[in-house]
Amino acid sequence: MMTNNNSEPKYVIETQDLEIYYGDFKAVTNVNMKIEHNKITAIIGPSGCGKSTLLRAFNRMNELYAGTSIKGNVIFNGQDIYAKEVDPVEVRYRIGMVFQKPNPFPKSIYENIAWTARIHGYKGNMDELVESSLQQAALWDEVKDKLHQSGLSLSGGQQQRLCIARAISIKPEVILMDEPASALDPIATLKIEELMQELKKNYTITIVTHNMQQAARASDYTAMMMLSGEGERSGTVIEFDETKKIFTRPSDKRTEDYVTGRFG
Amino acid sequence: MVRKAFEAELQELKDNILMLGSMVEHAIVNSVETLKKRDIKGAEQIIAADKEINKKRFDIEAQLMVLIATQQPMAHDLRLLASSMEIISELERMGDYAKGIANINIRMGDEPLLKPLIDIPRMAQKGADMLHRALTAFVNEDVETAKAIPIEDDEVDALYNQIYRELMVFIIEDPKNIERANWLLWVSHNLERVADRVTNICERTVFIVTGEMTEVKNSDDEFWHGQKK
């Protein structure tokens with residue numbers, strides 16, 4: 001399949017005429033979007049417009065659901081991730097994901113990271129990796145004395161940071177976050193947002209969020225998705241711009257209506 | 001419509017700003033009327049009324065803070081609330097100009113006016129009229145009108161320059177006129193500033209609607225005492 005060597009290197013992911021299907025149903029249509037390196041890109045839009053579906057297409061996570069398929073391309077560092085020779089597991093290894101509900105393994109805090117790293121063939125100093133991953137996820141100070149307690153014993157916010165630590169332990173380039181703070185209280189939410197600002201120095205982050213203030217506070221770019229088209233409607237990106245523009249003077253009336261709470 | 005309560009609060013905000021504007025409009029016109037009649041009591045009433053203007057401004061400011069904190073406005077709403085903050089401060093300063101004119105009236109004591117006031121009331125009428133229409137354009141979010149009003153500032157500047165030249169002639173004729181000329185110059189300068197601030201309000205209206213922050217009319221271009229700077 002094609003590789004796109006012309007894409008500017010500052011974009012780590014680029015979609016080209018992307019369409020996503022559940023069986024015959026076209027859930028997402030015509031998405032041409034560029035995710036910039038070391039930036040946080042937020043995807044917003046009303047429920048059911050395909051935000052999570054689009055996010056999951058960025059690391060082939062949709063394939064875990066039966067009957068999904070895509071048309072168009074998702075280019076990651078010049079390589080089409082849907083090309084025949086590409087191993088989807090390898091894709092998910094380089095483009096990690098954090099979900100809405102924290103999902104630590106029912107193992108110790110230490111093993112949540114160590115086990116993940118071992119599966120991915122990590123042969124280095126495990127203590128160091130566990131510590132640096134937890135440090136980067138801003139969790140180390142809170143758990144360093146209880147590394148062998150169950151990951152499930154932590155609070156929701158800590159569990160979510162453990163999941164982030166686990167995701168970054170295998171050194172991905174991109175972290176996809178699907179509503180990572182929607183199950184957390186405001187303080188835990190702010191911790192995740194601050195963590196995102198730290199992480200973007202080393203990683204590229206794309207986040208789906210229903211929380212408009214979170215998108216406004218935490219992201220550099222915002223993509224506004226909506227259902228569009230006649231008859232069978234499917235989701236698409238109707239406006240993509242710098243976050244500060246989306247929330248102060250959006251170009252599209254529908255974005256305006258959504259961010260000011262007129263629908264959605 | 002999921003914003004019924006918020007829409008109602010925005011309407012109330014606009015009503016309050018209109019009310020503040022109307023208080024300021026009256027103060028401007030009355031300050032010159034009372035000066036014309038050398039009505040010291042009237043001048044004192046204007047100074048007292050300025051306290052009401054200031055209070056109204058603080059009330060609206062508090063209302064704005066609550067709306068910003070509770071509604072977390074975005075896009076058009078954000079531009080409207082941020083601009084309203086700016087507009088009420090412009091209005092409050094216009095009120096101060098009226099108070100300044102009332103103060104001059106009091107300070108003049110028994111001294112008669114240097115000359116009958118003709119162009120100065122015209123300036124006041126013009127400024128108040130521009131203000132009235134600028135606030136109507138703000139409430140209706142009428143960009144065309146908001147863009148047209150600042151051009152009329154030229155008329156106010158022309159009146160100001162005419163008054164300035166006239167007063168200079170009085171001063172040259174007899175240095176004893178200096179103080180009384182200076183008072184009237186001060187009055188007309190205040191009125192000239194009123195029109196400039198109307199321009200700022202119009203710029204905010206354009207910003208609220210379009211998101212473009214531009215100077216509708218560059219007031220630096222105006223003649224300075226009848227001469228190019």
Side-chain angles (χ1 to χ4, degrees), chain A residues 40-49 51 179 181-182 184-187 189-190 193 207-227 237-264, chain B residues 1-15 17 63-89 137-144 146-147 200-216:
Chain A
I40 299 171
T41 302
I43 303 174
I44 62 169
S47 298
C49 70
K51 301 183 295 291
E179 298 256 14
S182 63
L184 305 181
D185 70 30
I187 301 293
T189 298
L190 279 182
E193 288 174 15
I207 175 175
V208 164
T209 178
H210 268 122
N211 180 334
M212 221 88 67
Q213 275 69 40
Q214 178 167 68
R217 278 194 302 264
S219 71
D220 302 297
Y221 292 95
T222 297
M224 169 69 198
M225 284 188 80
M226 269 200 63
L227 292 176
V237 173
I238 59 160
E239 187 169 358
F240 181 43
D241 213 321
E242 287 183 62
T243 295
K244 60 184 178 196
K245 173 135 191 309
I246 294 282
F247 289 102
T248 58
R249 45 190 188 106
S251 307
D252 194 298
K253 175 77 170 61
R254 294 167 295 176
T255 310
E256 168 88 35
D257 286 347
Y258 182 69
V259 301
T260 56
R262 284 184 170 81
F263 71 78
Chain B
M1 178 67 83
V2 285
R3 307 175 6 125
K4 223 170 159 186
F6 186 33
E7 292 291 343
E9 286 180 282
L10 290 178
Q11 191 52 53
E12 193 191 323
L13 169 75
K14 284 182 166 180
D15 290 347
I17 292 176
Q63 186 189 9
L64 278 165
M65 297 287 259
V66 170
L67 281 175
I68 289 168
T70 56
Q71 298 287 347
Q72 296 159 346
M74 296 288 191
H76 174 276
D77 298 329
L78 178 63
R79 299 198 300 269
L80 173 63
L81 297 190
S83 299
S84 295
M85 199 68 99
E86 186 77 18
I87 287 170
I88 58 171
S89 128
F138 159 70
V139 168
N140 297 331
E141 305 200 354
D142 172 357
V143 175
E144 291 317 305
K147 281 183 173 167
N200 295 344
I201 292 175
C202 292
E203 284 169 358
R204 293 292 143 178
T205 299
V206 173
F207 172 67
I208 290 166
V209 180
T210 66
E212 302 291 326
M213 195 138 11
T214 49
E215 277 193 86
V216 177

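Keep in mind the model is a prediction, meaning the values are calculated, not measured. In what follows, chains carry the letters A, B, and so on, assigned in the order in which the sequence lines appear, proteins first and then strands, with residues in each chain numbered from 1.
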Within-4.5 Å side-chain heavy-atom neighbours: B:Glu7 and A:Arg262: yes
Contact check, side chains of A:Arg249 and B:Thr210, non-hydrogen atoms, under 4.5 Å: no
Spacing of CD belonging to A:Gln213 relative to CE belonging to B:Met74, to within rounding of 0.5 Å: 4.0 Å
Distance in Å, B:Gln72 CD paired with A:Thr260 OG1, rounded so as to fall on 0.5 Å steps: 13.5 Å
Heavy-atom pair with the smallest gap, counting every atom of B:Arg79 and A:Pro250: NH1-CD, 4.5 Å
